[in-house]
A.B. asks: 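Take this structure first; my questions come after.
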Amino acid sequence: MEIFTGIISKIIEYAVEPVGRQMGYLINYKSNLESLRSQLKNLDAAKDRMKHRVDEVERNGKGVETDVQNWRKEADGITQEAEKILGNEGQAKTKCFRGVCPNLVSYHQFSRKSAKLAKKIELHAKEEFPSVSYEAPVEDICAIPSQEYTAFESRTSMLKQIMEELKNSDTNMIGVYGLGGVGKTTLAKEVFRQANKEKLFDDVVIILDVKGKNDMEIQKEIAEKLGMEVKEPQSMAVRANCLWRRIKDKNTLVILDDVSRRIDLEAVGLVHVRTCNLLLTSRDKEVLFSEMGTQKNFPLDLLCEQESMSLFEKRAGAVIKDDRIQRVANELAKKCGGLPILVVAVARGLRESSLEEWKDTLRRFKNFEQKEFTYKAFFIIEWSYNQLDSKELRPLFLLCGIMAQSNNGCFLSDLLKYTIGLSLFKNVRTVDEARNALLSLVKKLKDSCLLLDGYDDGIVRMHDVVRDVAVRIASRDQHVFSRDYYTELDESPSKDCSLISLRRCTIPKLPEVPWECPKLNFFLLGSRERDYSLEIPSNFFEEMKELKVLDVTGLCIPSPPPSLQFLTNLQTLCLDQCVLGHIALVGQLTNLKILSLLKSKVKELPKEIGQLTRLQLLDLTGCSALVLISPGVISSLTSLEDLRMGSFKEWEGDLNDGRNNASVSELKQLRQLTALEIHIPDAKLLPANMFLDIRLERYTILIGDCWLFPDIDETSSNMLKLKLTTNSQFDEGIKLLLKRCEDLDLDGMEAANIISYILESDSGKQLKNLHVQNNDEVTAVINSRHAFPILESLSRDNLIPQPFQELRSLTLRNLPKLIGFSSKGSTSVVSTEAEEIILENEIGGPTKLFMNGKVLMPNLTHLILHQCDGLRFLFSFSMATSLVQLTHLEIASCQIMEEIYDTSTTQLKTFECPNMDYVVMDSCESLKNIFPASVAKGLQQLRELIVRKCGILEEIVAKGVETTPEFVFSKVTLVQFLYLPQLRSFYPGLHVSKWPSLKTLVFFECGKVEIFASEYSRFQERLYSGLFCTSIKQPFLLVDKGNPFPNLEVLHLDENTKIWYEAHGPLPAELFINLKEIAFSCAHPQSFHFLEKLHNLEALYVYNGPWKEISVYEGTSSGEVDAVGTTFPHIKNLILSRMQELMHLGNDNSESIFPNLEILKVYSCARLKNLTLSTISFRNLTTLHVVNCEGLKYLTTYSVAKCLHQLKSLEVENCESMIEIVASNEDEDSGNYYEIAFSCLQHLKLYYLPSLRDFCSSGNCIVRVPSLNSLIIEECLIELKISPDGLLIQSGSRPERQQITEEVEEKKEDDGNDTV
């Protein structure tokens, strides 16, 4: 009976239960589908939340963590899978047996898939992440090549000298000096670009206009450009320590332009370490040499006559082709004295002049032939000034000169407010007319070379030489009183003064007796520190009744002084970046046209502001604390033309009597409004057709709570960011705005309707940037009739783009089902029917992203693909030939991509990539190769090639039809092959490759690359000689005889790659004559023979070798001479890692192999017993790091420690047997006192040394560390601290002194034949 019962239970277990489970899928069909819908809604909400977080991260210039990107990618895939099931639900309801019975198979399949997917979605939606973002580096604008730069021979040769000096390890501070306007800043920018291009340093930072900044501002800007977090408030000392820690282990170049005084580099954090190089420019050599201590100084001379004339002709334009004018031009070019700024100013000033004007200018210049050069410069720039239209351009030029004093730049937004207040432009009535006039006149000043482009679109700059002339003219002719640092009340302006500019004030109070300035029309008052409390006496403005512009910046003003009400002629009032209290008094200034509270901390805009009925511009940008605007204030400002209030979000609904705050409906009363910046957090607050009633020319309008207000300026494009929730909100007013829109962002349910309207109404002609998010219904953004002719940027999840003639950059991320680019009428490789029958776990999609030649993007330069898992190929031949402008190609995480170029057609043999200079392939697990041979031969502009994490990649270049192809990569400087476990060769067959510009070549975790390189002729000879019975292994590279790597400086080889291979003979060291850094595995016992010939080698990284001892000796126990090593006086950096057999760095009798070593790092050498023998000279050592060396009982002896005069960084970690850091020698007299002075030591770290008893074993030993500023002691038995007089003191009791000696048994154990 028991047997029968057991059988029955098994039958139930194996038969009945599974059947019941399958029946359950049929019974619960509807509930399973409903569960799937419910879970999908939860996932959509989670995706929205994550999307908002990621958008905020990207807007702030940060990077998104990989696990977050993977989660979003998986969420999109799951969503598509769920939508497919739900979308095909109707198929389950079909009938079988001629419509008599329900289709139970379909019901079962849909129900089963729904149940499983609902559970999967539930788990995915609940997943959480500790962090979404990380700090990503921001490219400096100086990295962009300047269109104004001219590569003259004198400048090119100096650039070359500076770059060579930067490579000199003995020099770390270089100076460039010369006259103002000679081109120092331009040269500094070129050094910055060249250093980045050549990758000489890990970090390169340039700080311009240093003379206008104090040390703290310089320090802060350096930290920001290095990507460090700049905390406020934070002392200079704390930030200096952070900055020092940032640069001490990285090669860093800091360029400080226009230094005019001594900068305390140590206080800034730029201490003199080998890893930090400085380039300084100055007008004064003494500042560089005497005050800053530069080691090498380069004088930047004037241009020679030929260079001056060449520059003159370039700037003067076509008029110079007239032979009569050219003769005059030659003379004028000489009169400019070779100073570039003067050459350009004169040439531009005469560009459209007649012959008579040219001759008259030459006559004037001849009178100043013998004058002092600086006076000549003043005269020439003043001459350019006199050529300007006197009514508008001249006063604007002088105003720019005054405004640019502190940092050589001024904001266009400030200039607009000032010029309107001063009525500088005639016959101008509106703000828009004033803006157009300003931009037009600024362009004319730029054309005359009296103004320069700013580093941002909203800024203009002025060269310091031109600025000095402008200030002198203004002081002479306009009685301007201007002080950049106003620290004392020892002087006051004259009665005739028309303009006062006091920047960076540090005085506590303005004078009690008001300044009597009856002609004053402009007053600028700013503090050196933010929120500075400068007391303004109540009667201070009484004698300034003609004042038209008042700008008070960065002050704390609880309430304006009562005398402000006497300024009845005031047109512009700027209280920017201030802390403001009650400002009702401002309402009495009824003639105001401009009121600016830019980035000020103000909580309320009181009802009195509504009295400013003549106000044309109100700027509340960045007033994040503003929470209350009295009802009716905005609607009362009936003359308002320009309203900027993007940071205010406390809008209320309709115009009802009970409201406490401003209503959006008030804007409908502003009939003059033409420019608007506003953020309405909820579309429900928007009155119907509001934007029909106000005709806007310029706008930045955000509707919805998912947007952050952008940084904009006077030149910004019209921008709309819309999150509409109902069709009725998409009214005629919004449609009117779309016609002028240049930047459009769409979110939510109405995005598809808006896109459809744009396509049908042809409203996209002005559109330059389009972004769509959180709407799965948008499947196309173009049809056959309408396009976006000037579109430059397009982004959206799950988007299928089509041809764009002006598109320059295309980025596609997280699109696992992307079906490619195709024009109408083209056929997809995978048909619609095929997609509908995709099986579980099968990946669909086309084989190529670009399907036919009709999809043209002739101006595309950047193409980036991330996580497009449906693509097996990227280019067809016809598409590839249309992308001839492509320079940047980056493909990552495209899991089924097999080839970049479809090689199924022989047409590809004619294709070239003439402009491709940057290629990155990352995490493409199915990729077989990178380039066809025909494409590789055409990569004449390629500079960087990076391939990593491609699991089955065996070759870089696919096999071609040529017997022995030759690949010449004339401009490649960087090649990295990382985590490529199957990579075997660059090209699978006989070939020759040449790398004349290659500087860095890195292999890491490329286990199948066994031989790095061999000469082609030698390999071919051995290949055909038949000397080997087994097949010869092909090297990764076959190179031509001669010097295929003339500029290679950095070579990192994998641990499986032999640096010496018997079958091919030794790797010829003459191929690497310029090598400065090499990393390799010393598996071959004679590896040092190769290194002996590398006379420029400075850094040596050795890992995974059998050596027991590193030494140089003559003679063995048998009496034979066996010199197996030599000295390496040029090596300054030595790293030994994972040398499991290494016991000694030499012996007591061996000579020093590394006599000039500066950096020694030893990692994971478990059997190492002795570190400080004579093999290594410690007199120049600056860095000593020892990690995971369990056999070490002490780090060094007293006799060696007292020689460490240059040591700056000492770290010892995870050495479990270490008893003391400094051990006593056997012959020491214990009765004497000993002193060890680590005079340069700045950083000391001891971590996890569980056996450590003492820092120094001798009880009579004193350790001095006068420069130490970083002390880290963790997981150790002892505690150390620094005394006020710079002594290293151990806390608590001192254990008994222990003598450390070498044990004979250990020495015997060390003996062996594996000594090097």
Side-chain angles (χ1 to χ4, degrees), residues 385 388-404 410-445 451 460 470 473-474 477-482 493 496-501 517-525 541 543-553 564-576 586 588-596 598 611-619 637-644 672-675 698 714:
Y385 165 76
L388 302 174
D389 173 56
S390 59
K391 293 181 180 179
E392 295 180 342
L393 277 175
R394 289 189 196 178
L396 179 60
F397 168 75
L398 298 181
L399 182 62
C400 289
I402 298 300
M403 294 302 101
C410 43
F411 289 94
L412 288 172
S413 57
D414 289 340
L415 287 175
L416 177 66
K417 296 167 186 175
Y418 299 157
T419 52
I420 291 176
L422 294 170
S423 301
L424 196 63
F425 307 138
K426 306 305 177 186
N427 301 318
V428 166
R429 293 172 299 171
T430 67
V431 174
D432 199 49
E433 289 176 352
R435 181 184 295 106
N436 294 335
L438 174 64
L439 296 178
S440 174
L441 295 175
V442 163
K443 183 179 183 301
K444 291 182 179 179
L445 289 175
L451 275 184
V460 291
I473 294 174
D477 298 346
Q478 306 293 329
H479 303 285
V480 169
F481 182 73
S482 178
D496 294 326
C497 181
S498 63
L499 186 151
I500 297 176
S501 174
C517 303
K519 298 181 181 180
L520 186 69
N521 55 37
F522 186 105
F523 192 174
L524 177 96
L525 179 62
F541 295 111
E543 302 298 328
M544 303 178 184
K545 292 183 173 58
E546 295 300 316
L547 193 62
K548 293 182 178 180
V549 176
L550 174 61
D551 185 337
V552 180
T553 299
L564 190 69
Q565 62 187 314
F566 295 113
L567 303 180
T568 55
N569 291 308
L570 198 65
Q571 308 281 299
T572 293
L573 175 61
C574 299
L575 303 174
D576 295 341
V586 173
Q588 299 185 32
L589 302 174
T590 54
N591 285 317
L592 269 187
K593 293 182 179 179
I594 311 292
L595 176 59
S596 176
L598 177 75
Q611 300 169 193
L612 304 177
T613 56
R614 297 182 182 179
L615 200 67
Q616 293 177 282
L617 188 155
L618 175 60
D619 193 348
L637 304 176
T638 53
S639 298
L640 208 59
E641 301 172 23
D642 192 329
L643 177 59
R644 309 175 184 184
Q672 308 299 321
L673 197 66
T674 60
R698 302 178 72 253
E714 295 300 325

A.B. asks: Of the non-hydrogen atoms in P518 and E546, which two are nearest, and what is the gap between them?
C.D. replies: O-CG, 3.2 Å
A.B. asks: Taking all heavy atoms of Q565 and all of L589, pick out the closest pair and write down the distance.
C.D. replies: CA-CD2, 4.2 Å
A.B. asks: Between NZ of K548 and CG of L592, what distance do you get to the nearest 0.5 Å?
C.D. replies: 13.5 Å
A.B. asks: Would a distance-only check, ignoring hydrogens and angles, find a side-chain to backbone donor-acceptor pair under 3.5 Å from S498 to Q478?
C.D. replies: yes
A.B. asks: Would you please test S440 and E392 for side-chain contact (heavy atoms from CB on, under 4.5 Å) and show each step?
C.D. replies: CA-CA 11 Å; S440 174; E392 295 180 342; over 6 Å; no
A.B. asks: Verify whether one side chain among Q616 and E641 offers a donor that lies under 3.5 Å from an acceptor in the other.
C.D. replies: yes
A.B. asks: Which heavy-atom pair separates C400 from L415 by the least distance, and what is that distance?
C.D. replies: SG-CD1, 3.9 Å
A.B. asks: Quick one: list whatever passes ring pair (Phe, Tyr, Trp, His ring centres under 6.0 Å) with F522, sequence neighbours left out.
C.D. replies: Y418
A.B. asks: Identify the two heavy atoms, one from L615 and one from L595, that lie closest to each other, and give their separation to 0.1 Å.
C.D. replies: CD1-N, 3.6 Å
A.B. asks: Between L550 and L564, is the side-chain contact (heavy atoms from CB on, under 4.5 Å) condition met? List the steps.
C.D. replies: CA-CA 10 Å; L550 174 61; L564 190 69; 3.7 Å; yes
A.B. asks: So does N591 get a backbone contact from the side chain of R614, meaning a donor-acceptor N/O pair under 3.5 Å?
C.D. replies: no
A.B. asks: Here's a test for you: under side-chain hydrogen bond (donor to acceptor under 3.5 Å, both in side chains), which of D642, T430, T419 qualifies with R435?
C.D. replies: D642
A.B. asks: G421 and Q571: which non-hydrogen atoms are nearest, and at how many Å?
C.D. replies: O-CG, 3.3 Å
A.B. asks: When you measure from the side chain of N569 to the backbone N and O of K545, does any donor-acceptor pair fall under 3.5 Å?
C.D. replies: yes
A.B. asks: Rounded to the nearest 0.5 Å, how far does SG of C497 lie from CG of N521?
C.D. replies: 9.0 Å
A.B. asks: Let me know which of T572, D619, D551, D576 forms a side-chain hydrogen bond (donor to acceptor under 3.5 Å, both in side chains) with K417.
C.D. replies: D619
A.B. asks: A side-chain contact here means heavy atoms from C-beta on lying under 4.5 Å apart; do V549 and I594 qualify?
C.D. replies: no
A.B. asks: Say you draw a straight line from CG of L424 to CG of L438; how long is it, rounded to the nearest 0.5 Å?
C.D. replies: 9.0 Å
A.B. asks: Identify the two heavy atoms, one from L441 and one from L393, that lie closest to each other, and give their separation to 0.1 Å.
C.D. replies: O-CD2, 3.5 Å
